[in-house]
Amino acid sequence: MDSAIKTGNKTLENNVNSPEYVLEIEHLKKSFDDKQVLNDISLKLKKGENLVVLGKSGHGKSVLIKCIVGLLTPDAGILKVFNKEITDLNKDELTELRRRIGFLFQNSALYDSMSVRENLEFPLQRQDEPLSKEELIPLIEEVLEAVGLLDAIDKMPSDLSGGMRKRIGLARTLILKPAIMLYDEPTTGLDPITSSEISLLILDIQKKYNTSSIIITHDMACAKVTNDRIMVLKEGEFIAEGSYEALENSEDEFVRSFFESTN
Amino acid sequence: MSQPSTNKITAAEIIAEYLPTSFQNFLIELGSMLQFFIDFFKNLFKRGFEWNAFIRQCFEVGYRSIGLVSLTAFIMGLVMTLQSQPTLANFGAESWLPGMVSISIVREIGPVITSLLCAGKIASSIGAELGSMKVTEQIDAMEVSGSNPMKYLVVTRILATTLTIPLLVILSDAVSFCGSWVAVNINSTMSAMLFFNKIFATIEYEDLIPSFIKSILFGFAVGFIGCYKGYNSNKGTESVGVAANSAVVTSSISIFLIDMLVVQITNLLY
Ligand SMILES: Nc1ncnc2c1ncn2[C@@H]1O[C@H](COP(=O)(O)OP(=O)(O)O)[C@@H](O)[C@H]1O
Ligand SMILES: [Mg+2]
């Protein structure tokens, strides 16, 4: 916040240039050793939009969103978040940016050795101006309420079910009030009822916190509920884009296969 | 191989061409250790030291090793004394026993055995703990929430071992002396007063200081290598075991290497 005020003019300028996109990716490439994982990725994420990315296992979905938060460094291409090229940022600027992006890991990645409360406190206590214990309490209660798990506050992660872990993982990212949310397979491994609860939660979050989100999934029920727009990833490239209905009737067999497997 | 090659040959190409792969990997590993070392120092002086985590690590590393270290040290002191007694008795030099045993304990056995025990107990547990945090993406999660995992996880652990292992060594030396005194009293009698007087008359600063410096380096090596192996472990569940295992092997080897270096340097100085 502070730095946004200091560089207020500059941010304003940037916003004028491209007001509606929070994330712009062009011709992104990433390979590991000899293995090309992302071939040529281009996507734009509008402010307030829920973009669903469909893709089968191992086609580079997680690699894509890890590039967005700078956990992986792309080999080539443009990757702008809030209009800043992410590879140009120094370490402190990257940290600042990461606090504005929420990342829900595929396996929740809760800190095993800490209680739910400590999990939630952790990122807040490590900001430039750490908050006191008293200031933390309302924030923690707010996000736990948002994910419907206020009574789990003193539990350890090992005592939680898969669905609860997802929710706490979500609460832990929401507590930083991110402008962009990246969900890595939010419903994979959950039963249908819990899955649909999580999908509804994703919608809630979009409304309540006005976040822009990328939702990676191959769960069509989740895609149907959450999407404003869908893109289909195949072997490191986007091969189709459109609404749920449009893609359901696509001519491409690969695209249709997602819809067929569920119904 | 039949490709037309340019005249310019880089060092990297020479390395790739002529050195065996295992040695190349060793160089690469050494390079990334150096990078980790630099990262450690950068984060050491960053604002906002993690006091709570540091104190908890000191407890985990130091306090929880007291039992193991004491038991081993007692037995070492006892056995060494029993073993040397007959030989010294042959020369009629039994009165040298406390001095001789204490010198070898302070200079060599205490620091090395204690640190090796810590390599087995602490480096492996740090390697496994950080390795599993890596595999389950907890370290990535810290990274993306803008909380510095290097500072929270690594700096605290390395400082904790660097501080507590030398203290454990001092404890170990003291307990070994007690073991030795018990051994002396199995076959003959010597008052504790006399025994410890003999010890303190023999040990000099030249024995204590290099040994203490050595212990600090051992402590650093145990924490550093445990953290390095865990923090840089691969994804996949089997890599947790690999991280723990190679943390023990590598830190044990480096304890002996450091030992050798310090002995050479002290021999030059004194
Ligand atoms: N850090 C890494 N090092 C090497 N290969 C990786 C790494 N991360 C991912 N990959 C490879 O990239 C491919 C895509 O992975 P990923 O993005 O995780 O797939 P998914 O679409 O299932 O999320 C996989 O074949 C995986 O083996
Ligand atoms: Mg994935």
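Numbers restart at 1 for each chain; the letters A, B, ... are given by sequence-line order, proteins then strands. These numbers come from the heavy atoms of this one structure, side chains and all, not from hydrogens, waters or symmetry mates.
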At a heavy-atom distance under 4.5 Å, which candidate from [options] has the highest pair count against chain B?
{"options": "A/L124, A/L110, A/I101, A/L94", "value": "A/L110"}
{"options": "A/T95, A/V69, A/L71", "value": "A/L71"}
{"options": "A/K91, A/Q125, A/K66, A/R99", "value": "A/R99"}

With ring centroids as reference points, do B/Y152 and A/F122 lie under 6.0 angstrom apart?
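Yes, the ring of B/Y152 comes within the 6.0 Å limit of the ring of A/F122, centre to centre.
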
Closest approach of B/K151 and B/R47, non-hydrogen atoms and distance?
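Nearest pair, atom of B/K151 first, then B/R47: NZ-O, 2.8 Å.
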
Is there a donor-acceptor pair closer than 3.5 Å between any side-chain N or O of A/R165 and the backbone N or O of A/S161?
no

Assess, by modelled atom type and distance only, whether the side chains of A/S62 and A/D184 contain a donor and an acceptor separated by less than 3.5 Å.
yes

Given heavy-atom pairs under 4.5 angstrom as the criterion, report whether the side chain, backbone, both or neither of A/L97 touches chain B.
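Neither; nothing under 4.5 Å.
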
Report which part of A/L176 has an atom under 4.5 Å of a heavy atom belonging to chain B: side chain, backbone, both, or neither.
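Contact with chain B: side chain only.
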
What residue in B/E50, B/E129, B/M133, B/M142 has the most heavy-atom pairs under 4.5 Å with chain A?
B/M142

Are B/V169 and B/F218 packed together at the side-chain level, in the sense that at least one heavy-atom pair is separated by less than 4.5 angstrom?
no

